[in-house]
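What follows is a single structure, written as structure tokens, with notes after it.
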Amino acid sequence: MEKLKHTLVGCGMTIKEALKRMDEAGEKTLFVTDEENKLLGSVTDGDIRRWILKGATLEKGVTCVMNKNPHYLQNGYAKEEAKDLMLSKAIGCLPIVDAHKRVISAIWWLDFFEKKINKQKSIDASVVIMAGGEGKRLSPFTNILPKSLIPIGDKPVIEVIMERFAEYGCKDFYLSVNYKANILKAYFDDCCHEYNISYIEEKKPLGTAGSLFLLGGSIGESFFVTNCDTLIDADYSDILEFHKANKDDITLVVSMKHYVIPYGICDINEGGALKAIKEKPEYDLLVNTGMYVLKQGILELLPKNEYFNITDLINKAIDAKKKVSVYPVSEKSWLDIGECQELQKTLKKFGVTY
């Protein structure tokens with residue numbers, strides 16, 4: 001019942017509050033109920049993503065995004081009925097309701113099946129991992145190791161990234177290398193793996209996108225690019241489908257971030273007269289996570305053998321009237337290990353202590 005409690009939200013809750021509840025509960029679906037616990041609808045992370053992409057405010061009520069015809073079972077359901085519904089619809093949780101449609105319990109996928117629910121589709125796309133930077137924010141660790149080999153448990157972060165893509169059938173990886181490249185190459189030469197690894201070797205630092213010009217026409221029509229210090233817990237097949245359906249030249253994976261300024265913010269007139277003061281204002285922002293999907297043709301905008309950041313490429317694409325879109329994920333779906341404080345948070349989430 002405690003687990004069920006975290007998946008139920010009142011109809012007076014805002015979309016922002018529902019998104020926070022998803023992160024806290026680790027659930028992809030919430031169920032909306034009224035004051036009498038009657039089931040009104042369901043809300044998924046996909047529902048909220050589509051709402052964000054409309055440019056709508058997260059302060060609206062959760063009922064604005066809910067599916068008013070959710071799947072559920074009546075009390076007294078047959079076990080086979082539950083299993084068939086979960087399998088046919090790939091449903092991770094089903095609420096159980098009484099004769100008045102009040103939620104009295106729920107069943108989860110793992111109640112019937114040994115393995116976790118697998119909604120993901122196999123994708124045919126190469127992955128470029130930008131692993132050439134010095135990682136100065138992770139000093140002194142990166143004085144010894146390249147950032148990509150910082151361990152997360154018993155594996156380096158770059159291997160954790162590759163394993164996540166491999167779950168979707170990705171086998172072809174291009175590693176852009178420069179700083180301590182020989183150490184990274186020696187690691188993969190010495191370990192057992194099933195990946196096809198090619199190295200993009202920078203003779204000089206080329207920024208977060210400059211080395212992509214070396215790919216030429218050797219890569220597929222659409223491909224992933226990711227930093228080596230970012231972990232994204234999302235459906236990669238859905239990201240790629242979104243990119244293709246949207247006919248994007250570049251798709252940025254972005255994360256919702258909620259910031260509270262811990263001070264009173266002053267708004268002044270010319271001359272210094274105070275117009276107003278706002279105490280501890282809050283902001284909801286979409287933050288670049290460092291994962292992208294690129295169409296091969298966009299590489300034509302890259303200069304040859306010059307230092308060039310991914311932000312430069314994005315701005316150049318916008319100026320060239322190319323289509324650039326964002327794919328939002330929740331705040332806790334993005335793990336950043338680019339600096340020591342964030343690395344410690346990631347290790348804690350993985351249950352790792354050193």
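Computed from a predicted structure; not experimentally measured. We use all heavy atoms of the structure for the numbers below, so side chains are in, but hydrogens, waters and symmetry mates are not. Numbers for residues simply follow the sequence, beginning at 1.
The minimum heavy-atom distance between T208 and I310, with the atom names listed, is OG1-N, 2.8 Å. Smallest separation of non-hydrogen atoms from S330 and D23: OG-OD1, 2.8 Å. Closest of all the heavy-atom pairs between I161 and N227 is CD1-O, 3.7 Å. Residues L231 and R164 come closest through the heavy atom pair CB-NH1, 4.1 Å. Between N288 and V253, the shortest heavy-atom contact is OD1-O, 4.0 Å. A pairwise comparison of heavy atoms in V157 and C228 identifies CG1-O, 3.4 Å as the closest pair.
Under the 3.5 Å distance criterion, the side-chain polar atoms of S139 are left unmatched by any main-chain donor or acceptor of K136. Between the K316 side chain and the L301 main chain, a donor and an acceptor come within less than 3.5 Å of each other. Between the side chain of T33 and the backbone N or O of L39, no donor-acceptor pair lies under 3.5 Å. Here the side chain of D111 pairs a donor or acceptor atom with the backbone of W108 at under 3.5 angstrom. At distances below 3.5 Å, not a single donor-acceptor pair connects side-chain atoms of N246 with backbone N or O atoms of D248. A side-chain donor-acceptor contact under 3.5 Å links R21 to the backbone of L8. No donor-acceptor distance shorter than 3.5 angstrom exists from the side chain of E27 to the backbone of H6, with no hydrogens or angles considered. Formation of a donor-acceptor pair under 3.5 Å by the E17 side chain with backbone atoms of T14 is found in this model.
With a 4.5 Å cut-off on side-chain heavy atoms, N196 and F173 do not count as touching. Contact annotation: the side chain of I96 never approaches that of Y72 to less than 4.5 Å [non-hydrogen atoms, C-beta and beyond]. Side-chain contact check for M291 versus L252: every heavy-atom pair is 4.5 Å or farther apart. Counting heavy atoms from C-beta on, the side chains of V329 and M256 never come closer than 4.5 Å. Between L87 and W109, the closest side-chain pair of non-hydrogen atoms falls below 4.5 Å. In this structure, the side chains of I200 and L175 stay at 4.5 Å or more apart for every pair of heavy atoms. No side-chain heavy atom of I250 sits under 4.5 Å from any side-chain heavy atom of K295. The side-chain heavy atoms of L302 and F308, taken from C-beta on, include a pair separated by under 4.5 Å.
A distance of 3.5 Å separates OG of S222 from NE2 of H243, quoted to the nearest 0.5 Å. In this structure, the separation between CD1 on I123 and CG on L240 is 5.5 Å, given to the nearest 0.5 Å. Note that CG of N37 is 12.5 Å distant from CZ of F31, once rounded to the nearest 0.5 Å. Distance check: Y77 OH to L94 CG gives 9.0 Å after rounding to the nearest 0.5 Å. Between L335 atom CG and D229 atom CG the span is 11.5 Å, to the nearest 0.5 Å. For the atom pair Y307 OH and K204 NZ, the distance stands at 12.0 Å (nearest 0.5 Å).
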Test log, rule side-chain contact (heavy atoms from CB on, under 4.5 Å), inputs L184 and N182: CA-CA 5 Å; L184 177 60; N182 288 336; over 6 Å; no
Pair V127-M162, side-chain contact (heavy atoms from CB on, under 4.5 Å): steps then yes or no: CA-CA 9 Å; V127 182; M162 293 167 79; over 6 Å; no
Residues H100, K38; criterion side-chain contact (heavy atoms from CB on, under 4.5 Å); working and verdict: CA-CA 7 Å; H100 301 285; K38 184 178 178 179; over 6 Å; no
Criterion side-chain contact (heavy atoms from CB on, under 4.5 Å) on Y174 and S126, from CA distance to verdict: CA-CA 8 Å; Y174 294 79; S126 298; 3.9 Å; yes
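Looking at E24 and K332, no side-chain N of the basic residue comes within less than 4.0 Å of a carboxylate O on the acidic one, giving no salt bridge. A salt bridge links K121 to E241: one of the charged nitrogens lies within less than 4.0 Å of a carboxylate oxygen. Taking 4.0 Å as the cut-off between side-chain N and carboxylate O, E201 and K185 count as a salt-bridged pair. With respect to the salt-bridge test (charged N to carboxylate O, under 4.0 angstrom), the residues R102 and D98 qualify.
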Just distance, no hydrogens or angles: give the donor-acceptor pairs under 3.5 Å from side chains in residues 267-284, sequence neighbours left out.
| residue | atom | partner | partner atom | Å |
| --- | --- | --- | --- | --- |
| E282 | OE1 | H258 | NE2 | 2.9 |
| D284 | OD1 | H258 | ND1 | 2.9 |
| D284 | OD2 | K16 | NZ | 2.9 |

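Residues T230 and D336 have side chains that never bring a donor and an acceptor to within less than 3.5 angstrom of each other. A donor and an acceptor atom, one from each side chain of E202 and S176, are located under 3.5 Å apart. A donor-acceptor contact closer than 3.5 angstrom is absent between the side chains of D233 and S333. Checking T311 against N309 by side-chain atom types alone, no donor-acceptor pair falls below 3.5 Å.
Clustering ILVMFWY residues whenever any of their side-chain heavy atoms sit less than 4.5 angstrom apart, transitively, puts Y179 in a cluster other than the one holding I129. Both Y187 and I158 belong to a common hydrophobic cluster when Ile, Leu, Val, Met, Phe, Trp and Tyr are linked at side-chain heavy-atom distances under 4.5 angstrom. Under a hydrophobic-cluster definition in which Ile, Leu, Val, Met, Phe, Trp and Tyr are linked whenever side-chain heavy atoms come within less than 4.5 Å, directly or via other members, V326 and L294 are assigned to the same cluster. Tracing side-chain contacts under 4.5 Å through hydrophobic residues (I, L, V, M, F, W, Y), one reaches L285 starting from I261; they form part of the same cluster.
E36 CD: 12 or fewer foreign heavy atoms inside a 6.0 Å radius. By the neighbour-count criterion of 12 heavy atoms within 6.0 Å, atom OH of Y263 is sparsely surrounded, having that number or fewer from other residues, nucleotides or ligands. Counting non-hydrogen atoms of neighbouring residues, nucleotides and ligands closer than 6.0 angstrom, the NZ atom of K20 reaches no more than 12 such neighbours.
For residues 40-58, the side-chain hydrogen bond (donor to acceptor under 3.5 Å, both in side chains) pairs, not counting sequence neighbours, are T44-D47, D47-R50, R49-Y327.
Partner M22 forms a side-chain contact (heavy atoms from CB on, under 4.5 Å) with one of V43, T29, V9, T7 and no other, that one being V43.
Here F224 and F165 bring their ring centres to under 6.0 angstrom of each other.
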